[in-house]
Student: 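Structure in structure tokens, see below.
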Amino acid sequence: LLHFFTLNTLCCKMSGSNPTTKKFERGIRIINGRQHQGIFATEFIPKGGMIYDWQDSLRSAKKDRFTTQIGMKKHILFKDDDFQYYNHSCSPNFDHDYIRNISFAMKDIEKGEELTHFYCANEWEMAEAFYCQCNSRNCVGFVGGTKYLPIGRINELMPLISPHCKVLLNKAIMEMNNGIIRDLNSKL
């Protein structure tokens, strides 16, 4: 059983934002009797279309469950409070562009569709890890950041991973390889 209630009017009054300029709104879905909060498209968004421009958002070195990692030691708290309520999916429909500081649709998104992002793509190590329940055939299970992705799936997931997490991932792989070489040399 699925019900959807929007919080748009209440949220816009509280945040002072204009609901006609946003392509998303915060809402609640009731799934099997449990509340599920997220953000939902208020209009059709074509593949490649901008969802949110976050260049004026607050940048911080401190991470928490409401920030998104955008660089090696940089996190962002989105200016529009509603945007921080996007949820994780292992089959996401939007991604972040770290050069233009925007979020964009990875596929056509229908009006009313929930906007989801692959959390492991931009967080090296999340402030609050969890086990995924997205039920996607692509599900990674444990969502703790790029650092914890299943090694057998790295190549498949690489197009989703942010530039800063790719650097950290390559460094971790090099350290792991160096450790293997040291172990082999010590046995010779």
Student: List the atom of R26, the atom of Q37, and the distance in Å for their closest heavy-atom pair.
Tutor: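 Where R26 meets Q37 most closely, the heavy atoms are NE-OE1, 3.0 Å.
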Student: Taking only residues two or more places apart in sequence or in another chain, which ones pass side-chain hydrogen bond (donor to acceptor under 3.5 Å, both in side chains) with Q84?
Tutor: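 Not a single residue meets the side-chain hydrogen bond (donor to acceptor under 3.5 Å, both in side chains) criterion with Q84.
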Student: Using a 4.5 Å cut-off on heavy atoms from C-beta on, say whether the side chain of M72 contacts that of V167.
Tutor: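 In short, these two side chains touch, coming nearer than 4.5 Å.
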Student: Test N93 against every option in K47, E113, M106, E110 by the side-chain contact (heavy atoms from CB on, under 4.5 Å) rule and name the one that passes.
Tutor: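 Filter result, single survivor: E113.
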Student: Could you tell me whether a side-chain N or O of R100 sits under 3.5 Å from a main-chain N or O of Q55, the two making a donor and an acceptor?
Tutor: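 No: the side chain of R100 does not pair with the backbone of Q55.
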Student: Only counting residues at least two apart or in another chain, list the ones meeting side-chain hydrogen bond (donor to acceptor under 3.5 Å, both in side chains) with H117.
Tutor: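 Partners of H117 by the side-chain hydrogen bond (donor to acceptor under 3.5 Å, both in side chains) criterion, ordered by chain and then number, come out as N122.
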Student: For R59 and I70, run side-chain contact (heavy atoms from CB on, under 4.5 Å): C-alpha distance rounded to whole Å, both residues' side-chain angles, the deciding distance at 0.1 Å, then the answer.
Tutor: CA-CA 9 Å; R59 284 162 173 69; I70 61 166; 3.8 Å; yes
Student: Within the side chain of S57, is there an N or O that forms a donor-acceptor pair under 3.5 Å with the backbone of K79?
Tutor: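 At least one qualifying donor-acceptor pair exists.
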Student: State, with a plain yes or no, whether a side-chain heavy atom of C120 is found less than 4.5 Å away from one of L157.
Tutor: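 No, too far: nothing below the 4.5 Å cut-off.
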Student: Please report the closest heavy-atom contact between L160 and A121, naming both atoms and the distance.
Tutor: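 The pair with the smallest heavy-atom distance is O-CB, 2.9 Å.
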Student: Test of understanding: clusters of I, L, V, M, F, W, Y form through side-chain heavy atoms closer than 4.5 Å, transitively. Do F66 and F118 belong to the same one?
Tutor: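 Hydrophobic grouping puts F66 apart from F118.
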Student: For Y86 and T68, does a side-chain donor sit closer than 3.5 Å to a side-chain acceptor?
Tutor: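 There is such a pair between these side chains.
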Student: Under a 4.5 Å side-chain heavy-atom rule over Ile, Leu, Val, Met, Phe, Trp and Tyr, are Y85 and F130 clustered together?
Tutor: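 Hydrophobic grouping puts Y85 with F130.
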Student: Please say yes or no: joined through hydrophobic side-chain contacts below 4.5 Å, possibly via intermediate residues, are F44 and I109 part of one cluster?
Tutor: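 No, it is not one cluster - the side chains of F44 and I109 are not joined through contacts under 4.5 Å.
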Student: For I161 versus C165, what's the shortest heavy-atom pair and its separation?
Tutor: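 Here I161 and C165 meet closest at CG2-CB, 3.6 Å.
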Student: Keeping the roles fixed (side chain from E123, backbone from G145), state whether a donor-acceptor pair exists under 3.5 Å.
Tutor: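 It does not hold such a pair.
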Student: When you look at H164 and W124, which way does the side-chain contact (heavy atoms from CB on, under 4.5 Å) test go after all the steps?
Tutor: CA-CA 8 Å; H164 55 274; W124 176 246; over 6 Å; no
Student: Salt bridge (charged side-chain N to carboxylate O under 4.0 Å, His left out) with K147: which residues, sequence neighbours excluded?
Tutor: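 By the salt bridge (charged side-chain N to carboxylate O under 4.0 Å, His left out) rule, K147 matches E125.
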Student: Could you list the residues that satisfy salt bridge (charged side-chain N to carboxylate O under 4.0 Å, His left out) with D53, not counting sequence neighbours?
Tutor: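 Once residues adjacent in sequence are excluded, D53 has no partner under the salt bridge (charged side-chain N to carboxylate O under 4.0 Å, His left out) criterion.
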Student: Ignoring hydrogens, what is the shortest heavy-atom contact between I102 and W54? Give both atom names and the distance.
Tutor: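 It is C-NE1, 3.1 Å.
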Student: Could you check if a side-chain atom of T42 sits within less than 4.5 angstrom of a side-chain atom of F40, using non-hydrogen atoms only?
Tutor: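 In short, these two side chains do not touch, never coming nearer than 4.5 Å.
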Student: Is the ring centre of F94 less than 6.0 Å from the ring centre of F83?
Tutor: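 For F94 and F83, the ring centres are under 6.0 Å apart.
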Student: Can you tell me which residue pairs pass the salt bridge (Lys or Arg N to Asp or Glu O under 4.0 Å) test with a partner in residues 159-181, sequence neighbours excluded?
Tutor: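 Matches after skipping sequence neighbours: none remain.
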Student: If you measure only the distance, is there a donor-acceptor pair under 3.5 Å linking the side chains of N87 and T116?
Tutor: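 No, because no side-chain N or O of N87 sits under 3.5 Å from a partner of the opposite role on T116.
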Student: Got I51 and L115 here, is their nearest side-chain heavy-atom distance under 4.5 Å?
Tutor: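 Result yes, sub-4.5 Å side-chain heavy-atom pair found.
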Student: State yes or no: are the ring centers of H96 and F104 separated by less than 6.0 Å?
Tutor: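 No, too far apart.
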Student: Do you reckon M174 sits in the same ILVMFWY cluster as M158, going by side-chain contacts under 4.5 Å, direct or chained?
Tutor: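 The answer is no; the residues belong to distinct hydrophobic clusters.
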Student: How many angstroms lie between OG in S162 and CG in L168, if you round to the nearest 0.5 Å?
Tutor: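 Separation between the atoms: 8.0 Å.
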Student: Set out, in order, the CA-CA distance, both residues' side-chain angles and the distance that settles side-chain contact (heavy atoms from CB on, under 4.5 Å) for V140 and R153, then state yes or no.
Tutor: CA-CA 8 Å; V140 295; R153 306 250 335 257; 3.8 Å; yes
Student: Answer with yes or no whether the hydrophobic clustering places Y148 together with I154; edges join I, L, V, M, F, W, Y residues whose side-chain heavy atoms lie under 4.5 Å apart.
Tutor: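 Result: no, two separate clusters.
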Student: For the pair K23 (side chain) and M50 (backbone), establish whether a donor and an acceptor sit closer than 3.5 Å, ignoring hydrogens and angles.
Tutor: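 Flag set: sc K23 to bb M50 pair under 3.5 Å.
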Student: Is any side-chain heavy atom of Y119 closer than 4.5 Å to a side-chain heavy atom of M126?
Tutor: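 Yes, their side chains come closer than 4.5 Å.
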Student: Suppose we screen for salt bridge (charged side-chain N to carboxylate O under 4.0 Å, His left out). Which residues come up paired with D64, at least two apart in sequence or across chains?
Tutor: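 Residues passing salt bridge (charged side-chain N to carboxylate O under 4.0 Å, His left out) with D64: K62.
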Student: Which heavy-atom pair separates C132 from V143 by the least distance, and what is that distance?
Tutor: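 Scanning both residues completely, I find the closest heavy atoms to be CB-CG2, 3.7 Å.
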Student: Determine whether the aromatic ring centres of Y52 and F24 lie less than 6.0 Å apart.
Tutor: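 So the answer is yes for these two rings.
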Student: Supply the atom-to-atom distance E156 CD to L149 CG, rounded to the nearest 0.5 angstrom.
Tutor: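 One gets 10.0 Å once the value is rounded to the nearest 0.5 Å.
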Student: Count the heavy atoms belonging to other residues, nucleotides or ligands that lie under 6.0 Å from CG of N177, then report whether that count exceeds 12.
Tutor: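 Buried by this count: over 12 neighbours within 6.0 Å.
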Student: If you compare all heavy atoms of F142 against all heavy atoms of A129, which two are closest, and at what distance to 0.1 Å?
Tutor: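 Shortest heavy-atom separation between F142 and A129 comes out as CZ-CB, 3.5 Å.
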Student: Might you work through the salt bridge (Lys or Arg N to Asp or Glu O under 4.0 Å) test for K111 and E43, ending with a clear yes or no?
Tutor: CA-CA 4 Å; K111 181 179 180 177; E43 61 188 64; over 6 Å; no
